[in-house]
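Below is one structure, written out as structure tokens, with a few remarks after it.
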Amino acid sequence: MARGRRAAKLAAGLVLAATLAACGGGRQREVPIEDLTAEQIYQKAEFELETNGEPEEAARLFSEVERLYPYSEWAKRALIMQAFAFHSDRDYENSRAAAQRYIDFYPAEEDAAYAQYLLALSYYDQIDDVGRDQGLTFQALQALRVVIEQYPDSEYARSAMLKFDLAFDHLAGKEMEIGRYYLKRGHYTAAINRFRVVVEQFQTTTHTPEALHRLVESYLSLGLTDEAQTAGAILGHNFQSTEWYQDSYKLLTGRGLSMEAKGDSWLSGVYRQVVKGAWL
């Protein structure tokens, strides 16, 4: 949402700040919020947000516009700004709630795209390191997908696509973390299941080359050379310039094995797709 509209009203906000206090005997008296117009409360909220740097107070004032002047044009503006102020204050739950109300009440408005984007950010900005629960990542992906699919021509679509890719990569990173944990402890079948998820479901992420190498390691540890060679073959076809290819090459050739597709495992199916150009 354009910030120029808000900035353009800062001067009006300064004037408003002066009118909010009536001087008497050297003491200031603040005008009750109920005595202010919707525009005055809105401008006061903008002043708190942009000049005083108080997003929590700004959110409270924007909510007052919605409460005192429901269904007005100012209430509509205040609702989207309320979501923005809550997000600025890292109050993601209330930001999400305000954004969702805007989408529910004003689905055809131009700012509906921004409301959906804020809703997605309320999940995305809580994604932390890969060791944490990934429920928020799934929710972020779903909300970002809505921005991309429902508002493809909006100014937020490209940013949503970039964040979607990062969140998707984040999920793959979680699978890799768990797979490495199992591999390190010799639980090879459990490790293979995790690396397989990356290869089959997250093949466009940055983790795919390592996942294939870890499959080579895991299958060799189990004595399943056909599967290990096939994983190496996929690495050689698509990721020959990576360190993971070099590591797998040394592992396989060190045992007198080649990097070629063999057998009829699930990896053989992936390899056939790669050769046909249908995978990446």
Side-chain angles (χ1 to χ4, degrees), residues 1-20 30-126 139-140 142-161 163:
M1 184 174 61
R3 295 173 64 86
R5 183 176 62 187
R6 300 196 299 274
K9 293 185 178 179
L10 284 179
L14 292 172
V15 174
L16 173 64
T19 66
L20 294 181
E30 188 164 332
V31 179
I33 195 76
E34 290 80 8
D35 292 345
L36 299 177
T37 66
E39 182 177 7
Q40 287 174 325
I41 302 172
Y42 184 93
Q43 290 176 347
K44 181 174 172 62
E46 283 190 323
F47 185 81
E48 291 293 341
L49 181 63
E50 299 203 12
T51 303
N52 288 347
E54 295 289 344
E56 183 178 6
E57 175 62 10
R60 185 189 70 82
L61 289 168
F62 284 128
S63 68
E64 286 296 300
V65 177
E66 189 184 7
R67 180 179 71 86
L68 295 171
Y69 300 95
Y71 311 113
S72 67
E73 181 66 24
W74 287 106
K76 179 172 66 176
R77 295 186 191 181
L79 183 53
I80 189 66
M81 288 302 297
Q82 187 184 151
F84 173 77
F86 276 130
H87 190 271
S88 298
D89 197 41
R90 297 185 179 182
D91 186 347
Y92 299 118
E93 184 175 350
N94 280 320
S95 175
R96 185 159 55 247
Q100 187 61 62
R101 285 205 310 280
Y102 190 94
I103 295 167
D104 291 341
F105 294 161
Y106 312 107
E109 293 294 326
E110 182 180 354
D111 280 336
Y114 183 59
Q116 180 62 43
Y117 183 65
L118 276 176
L119 193 153
L121 287 184
S122 73
Y123 293 117
Y124 181 85
D125 287 351
Q126 292 183 81
Q139 291 171 305
Q142 291 172 347
L144 288 166
R145 185 185 294 276
V146 173
V147 178
I148 297 166
E149 294 180 350
Q150 293 191 10
Y151 308 100
D153 299 323
S154 73
E155 61 186 294
Y156 312 106
R158 177 164 177 76
S159 178
M161 284 188 282
K163 286 180 170 57

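Start at 1 with the first residue, then count along the sequence. Worth saying up front: this structure is predicted, and the values here are computed from it rather than measured.
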Glu34, CD: over 12 other non-hydrogen atoms inside 6.0 angstrom: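 Yes - once you tally the heavy atoms of other residues, nucleotides and ligands closer than 6.0 Å, there are more than 12.
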Heavy atoms of other groups near Arg158 CZ, more than 12 under 6.0 Å: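 No, the 6.0 Å shell around CZ holds no more than 12 heavy atoms from other groups.
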What heavy-atom pair brings [X] and [Y] nearest, and what distance separates the two atoms?
| X | Y | result |
| --- | --- | --- |
| Ile41 | Leu68 | CD1-CD1, 3.8 Å |
| Ala83 | Leu118 | CB-CD1, 3.8 Å |
| Ala85 | Pro55 | O-CB, 3.5 Å |
| Val65 | Ala38 | CG2-O, 4.0 Å |
| Ser154 | Ala113 | CB-CB, 3.9 Å |
| Ile103 | Ala112 | CG1-O, 4.2 Å |

Plane angle bin for Tyr114 and Phe84 - parallel if under 30°, tilted between 30 and 60°, otherwise perpendicular: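 It falls in the tilted class, 30° to 60°.
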Verdict with reasoning, Glu57 to Asn52, per side-chain contact (heavy atoms from CB on, under 4.5 Å): CA-CA 10 Å; Glu57 175 62 10; Asn52 288 347; over 6 Å; no
Residues which pass side-chain contact (heavy atoms from CB on, under 4.5 Å) with Asp153, listed by chain and number, not counting sequence neighbours: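 Scan of Asp153 (side-chain contact (heavy atoms from CB on, under 4.5 Å), adjacent residues dropped) gives none.
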For the [atom1] atom of [X] and the [atom2] atom of [Y], what is their distance to the nearest 0.5 Å?
| X | Y | atom1 | atom2 | result |
| --- | --- | --- | --- | --- |
| Lys76 | Glu73 | NZ | CD | 3.5 Å |
| Tyr124 | Leu144 | OH | CG | 8.0 Å |
| Arg60 | Asn94 | CZ | CG | 14.0 Å |
| Asp111 | Gln116 | CG | CD | 13.0 Å |
| Met81 | Ser88 | CE | OG | 8.0 Å |
| Leu121 | His87 | CG | NE2 | 4.5 Å |

Side chain to side chain, Ser63 and Arg67, heavy atoms closer than 4.5 Å: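 No, their side chains stay 4.5 Å or more apart.
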Which residues share a ring-ring contact (aromatic ring centres under 6.0 Å, His included) with Tyr102, sequence neighbours left out: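 If we apply the ring-ring contact (aromatic ring centres under 6.0 Å, His included) test to Tyr102, skipping adjacent residues, the hits are Tyr106.
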Near-ring test Trp74/Tyr42, centroid separation under 6.0 angstrom: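 Yes, the ring of Tyr42 comes within the 6.0 Å limit of the ring of Trp74, centre to centre.
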Short N-O contact, [X] and [Y], less than 4.0 angstrom:
| X | Y | result |
| --- | --- | --- |
| Glu66 | Arg101 | yes |
| Arg96 | Glu93 | no |
| Glu109 | Arg77 | no |

